[in-house]
Every structure is written in C-alpha cells, then in structure tokens.
Number of protein chains: 2
Amino acid sequence: MDANVSAIGRHMKKRRAERGWSLSRTADICGVSKAMLGQIERGESTPTISTLWKIASGLQVPLSQFLVPEGLALQRMEAMPRHHDASGMIVTPLFAFDPVLGFEMFAIELLQDTLSESAPHAAGVVEHLVVLEGRMELFVDGGWQALSAGDAVRFPADQPHAYRNRNPEPAKIHDLIHYPFSG
Amino acid sequence: MDANVSAIGRHMKKRRAERGWSLSRTADICGVSKAMLGQIERGESTPTISTLWKIASGLQVPLSQFLVPEGLALQRMEAMPRHHDASGMIVTPLFAFDPVLGFEMFAIELLQDTLSESAPHAAGVVEHLVVLEGRMELFVDGGWQALSAGDAVRFPADQPHAYRNRNPEPAKIHDLIHYPFSG
DNA sequence: AAGGAATGTGCGTTATAACGTACATTGCGC
DNA sequence: GCGCAATGTACGTTATAACGCACATTCCTT
C-alpha cells in the first residue's frame, strides 16, 4: 500500500498550495501542529485518521481525496500471475482489491466443459461480467443465462452462482466484483 | 469528527462478525495485532490510516466505509462525465453510472489514427483501462504509454489525458471510471 | 546591505498507536 | 464435574505520531 500513503503528503501539499496557505496558517486552521503537517507532507509520518480528518476539514477537501491512488498503476499482461483452477478456469487478476475504490477485477478464461460454482458472497456484493470471446452460461437467481461475446451482466452475488462453458472454444470474460459501500 | 471515529469500531466489528472471524484470525489476515484490533473496536484508540488500510484490505471492505457517517449511503452524482465522441472512436456503455457502486464502464473501439483527448475530471476520479485487442497509447502524467492486448492500467483522471491508436488494426479497450465518494 | 517578518525544517519531549504475551472467561466434549 | 481449546481483554514494552520551540533560510522593505 505504501505508495498510497506517500501520496497523501503530495495531495495535501497540492491542496495547501492551491489555497496559498503556509504551514503555520494551515496548522492554526486545522488544529494540527505545523511540524506534524510538514512531516506528513514529506512522507515522514503516517497520520492517524483523526488528524487526517482535521486536515481534510481545515482544507475543506473530501477525505477520500487523500486516499485515492496517485500515479499510474500499470500492469503488463506478461507479468500477471495466472491461477489455474482444477476445473479448467484460468484466473488473471487485472486490478487487485483496493479499499478506496471498493472493487477488484479479474480476467477469466473458461475452457471446455468447465463448471465453476461460487458460494454466496457477503451481503451487498455485486458482480459484473462482460463476455469478451466465446459463449458461456451463468447460473443466478435459480436459472441459467446464456451469454455470448459482447454481453454484459450485473447481478447481486450474495447468493449461490456459477459459470460454465460447454463449448469447445474457450470463453474469455471480465469479472468485476464490487464490495458494498455501507451496510 | 469524533462521532465519526467512534463509528469505525462498530463498522469493523460488524464486518468481522459477518465473516465470522475471530480477532486472532482477523489479526493474521490483516497483519495487525489482535490487541490493537480489539482496542479499535472498543473505540479505545484511533488507528493510523496505514493500519486502517490493512484492516479494510483484509476484510475486503472499502476504506471509505469506515469514514462515512453510519446510515448515510448516498453521494451526489453530479459530474457525470461527458464523452466527446471524437471521430473514429466508438463508445459503448457497458454499465451505466450507479451512485451506489460509484463507477461506470465503457467498451471503446479506437479506429486507425484516432486521437481522443479528455479534459481533467473532478478530483479523485480514477480511470482503469484494459486493452482487449490491438495496441494503443495512453497519454498521462505528461508522457505516452504504449499498451497492447492484455495490459491493464489505472491512473488518476483529474488531469489531462488522451488515447490514440496509430495502427491499422482497431484497438478495443474497456474503460472503467471510478468516482470518489465525497465526505 | 541590513533588518525584520514569514517560511519550512530540525530537535527534544510527551502522548499514544501497535506489539507480544499473559490472563480471565466462555463454550464444548468427555 | 473436569479438561481444553478458543475467544476477547489487560498488562508491560517498543515504536512512533504529535507537540512546542528553536533554528536556518528566504523574501520583502527600507
């Protein structure tokens, strides 16, 4: 994560610069010592959420803004770990779960005669499928849905669900799993 | 703020209970000592964002969930982005923006010699690209990145950015745009 | 140049986040 | 009843977040 933490300082300095505030002035308004503000901006210490809240409030900036990943996160296809499931399902993580964004995303390849069953996720979890190539079937809400390339489907995943491919051609899909914001 | 901080412990305990995890198990998975987890749940200490991140990550819960007042689930969905349909760019919406989920997703096809420039989005907006077919280039952080099929990239979109395809074969990509929750 | 005010950083101290271990309590099988 | 494992809490220690103050540097103004 720590790339993420180090970004807080830069975000903060940027916002402060936008307002043209000095460390001292910012310290007065936020109620945080200017020494601490300086250290945070330089990445020399990681604030508690309590002080981060004070800072965000003082700068009148949404707190989540500080937590957004900064800089570009590029992942090359060749460098991606692949996970071969016993059942003929090849899973490649595209974007790892990030607590700020609230989702993770996989590329999945279903070989011929593959069946993958999933236990229900936690309440509020929503899955999104986009079929890239081939055909497949999705079991959800008690029935099988036939999907082919180009189709996109969103369904609540807090219930039993399954994927299968009964065709000779492998099916390639994207699977985005979104975890709930509040419960 | 402190009403907000005290809510962190309750949120946390709730998530942990949902998964049926003990403090010890949660400590192992999150990489945070169970003593600390207990103190946080009881509101006896306010975690640093670093440890809060570990906890959120381990529980697979959006970090913002801990920070938002309990019971509030709605964000303003102002700032739905506009697409300039540049010539040679074909945009197909896959998932429309949903204020609960906080993102939208498009399939984009870039024909030969297509250049699409985007103005900066609002602060905190994060874009995710996955290249499905062909090759393309992404301009971000002041430089061009060459991408080819299978590559996945995440970048902050609150800055000028652009896509282009200078190859004869069309490039197909998925574009996921995530909007921050505002505090 | 020289003085003064404002800036950001360094230092020593205090408060507390975080850890590891030991303890009390509960629940379950025999 | 008696172990016995698992749970969450209390304690002592270490690491570090946060503070206040002093210092060096830059930027004005004279």
Side-chain angles (χ1 to χ4, degrees), chain A residues 1-61 63-68 70 99-100 122 183, chain B residues 1-61 63-68 183:
Chain A
M1 96 154 256
D2 290 341
N4 213 345
V5 156
S6 68
I8 292 178
R10 286 190 290 275
H11 271 125
M12 196 166 143
K13 191 164 191 172
K14 193 174 169 188
R15 297 304 156 211
R16 188 168 65 85
E18 283 177 4
R19 291 189 168 48
W21 290 358
S22 69
L23 280 183
S24 303
R25 179 181 175 82
T26 309
D28 289 342
I29 294 179
C30 297
V32 176
S33 72
K34 72 171 179 175
M36 180 85 302
L37 293 178
Q39 288 187 23
I40 294 172
E41 284 191 356
R42 280 171 274 143
E44 292 176 14
S45 70
T46 61
T48 63
I49 50 153
S50 173
T51 60
L52 191 60
W53 180 278
K54 293 182 194 168
I55 295 168
S57 284
L59 289 174
Q60 296 189 319
V61 154
L63 205 160
S64 49
Q65 192 171 315
F66 287 123
L67 305 173
V68 158
E70 196 197 42
V100 173
Chain B
M1 103 153 251
D2 289 341
N4 215 345
V5 155
S6 68
I8 292 178
R10 287 191 293 274
H11 272 127
M12 202 168 131
K13 190 163 191 171
K14 192 173 170 188
R15 297 303 156 213
R16 188 168 66 82
E18 282 178 5
R19 290 180 173 53
W21 291 357
S22 69
L23 281 182
S24 303
R25 179 180 174 80
T26 310
D28 289 342
I29 293 179
C30 297
V32 176
S33 74
K34 73 170 178 176
M36 181 85 301
L37 293 178
Q39 287 188 22
I40 294 172
E41 284 191 356
R42 278 172 275 142
E44 292 176 14
S45 71
T46 61
T48 63
I49 49 152
S50 175
T51 61
L52 191 61
W53 194 93
K54 291 182 194 169
I55 295 168
S57 205
L59 289 174
Q60 296 227 302
V61 153
L63 206 159
S64 26
Q65 179 176 316
F66 290 123
L67 307 172
V68 158

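- Residue A:Trp21 contributes atom CH2, which lies 13 Å from atom P of C:dG8 at whole-angstrom precision.
- A:Arg16 comes within 4.0 angstrom of the backbone, heavy atoms only, and of no base.
- Side-chain proximity of B:Lys34 to the nucleotides C:dC11, C:dA17, C:dA22 is greatest for C:dA22.
- Rounded to whole angstrom, the span from the CE atom of A:Met36 across to the C1' atom of D:dT16 amounts to 9 Å.
- Using a 4.0 Å heavy-atom distance criterion, A:Thr48 is classed as a sugar-phosphate-only contact.
- Interatomic distance, CD1 of B:Ile40 versus NE2 of B:His11, reported as 14.5 Å (0.5 Å rounding).
- In this structure, the NZ atom of A:Lys54 is 9 Å from the C1' atom of D:dA18, given to the nearest Å.
- Atom CD of A:Gln39 and atom P of C:dC11 are 11 Å apart (whole Å).
- The backbone N or O of B:Ser22 lies less than 3.5 Å from a partner atom in the side chain of B:Thr26, making a donor-acceptor pair.
- Proximity note for B:Ala35 (side chain, C-beta onward) versus D:dC19, C:dG20, C:dG8: the nearest is C:dG20.
- At whole-Å resolution of the value, CZ in A:Arg25 and P in C:dG8 are 12 Å apart.
- Separating the CD atom of B:Glu41 from the C1' atom of C:dA18 is a distance of 15 Å, rounded to the nearest angstrom.
- With rounding to whole Å, A:Ile40 atom CD1 is found 14 Å from C:dA17 atom C1'.
- Side-chain nitrogen and oxygen atoms of B:Ser24 include none within less than 4.0 Å of the OP1 or OP2 phosphate oxygen of D:dA6.
- Between A:Trp21 atom CH2 and A:Asp28 atom CG the span is 10.5 Å, to the nearest 0.5 Å.
- One finds a side-chain N or O of A:Ser22 lying less than 4.0 angstrom from the OP1 or OP2 phosphate oxygen of C:dT7.
- Between the C1' atom of D:dG8 and the CG atom of B:Leu23 lies a distance of 6 Å, rounded to the nearest Å.
- In this structure, A:Glu44 and B:Glu44 both approach DNA chain D, and ranking their closest nucleotides by distance from the 5' end singles out B:Glu44.
- B:Ser33 comes within 4.0 angstrom of a nucleotide base, judged by non-hydrogen atoms across all strands.
- Note that CD1 of B:Ile49 is 5.5 Å distant from CG of A:Leu52, once rounded to the nearest 0.5 Å.
- Checked against B:Glu41 for a salt bridge (charged side-chain N to carboxylate O under 4.0 Å, His left out), the options B:Lys34, B:Arg10, B:Arg16 give a single hit: B:Arg16.
- The shortest distance between the side-chain N/O atoms of A:Arg42 and the OP1/OP2 oxygens of C:dG10 is below 4.0 Å.
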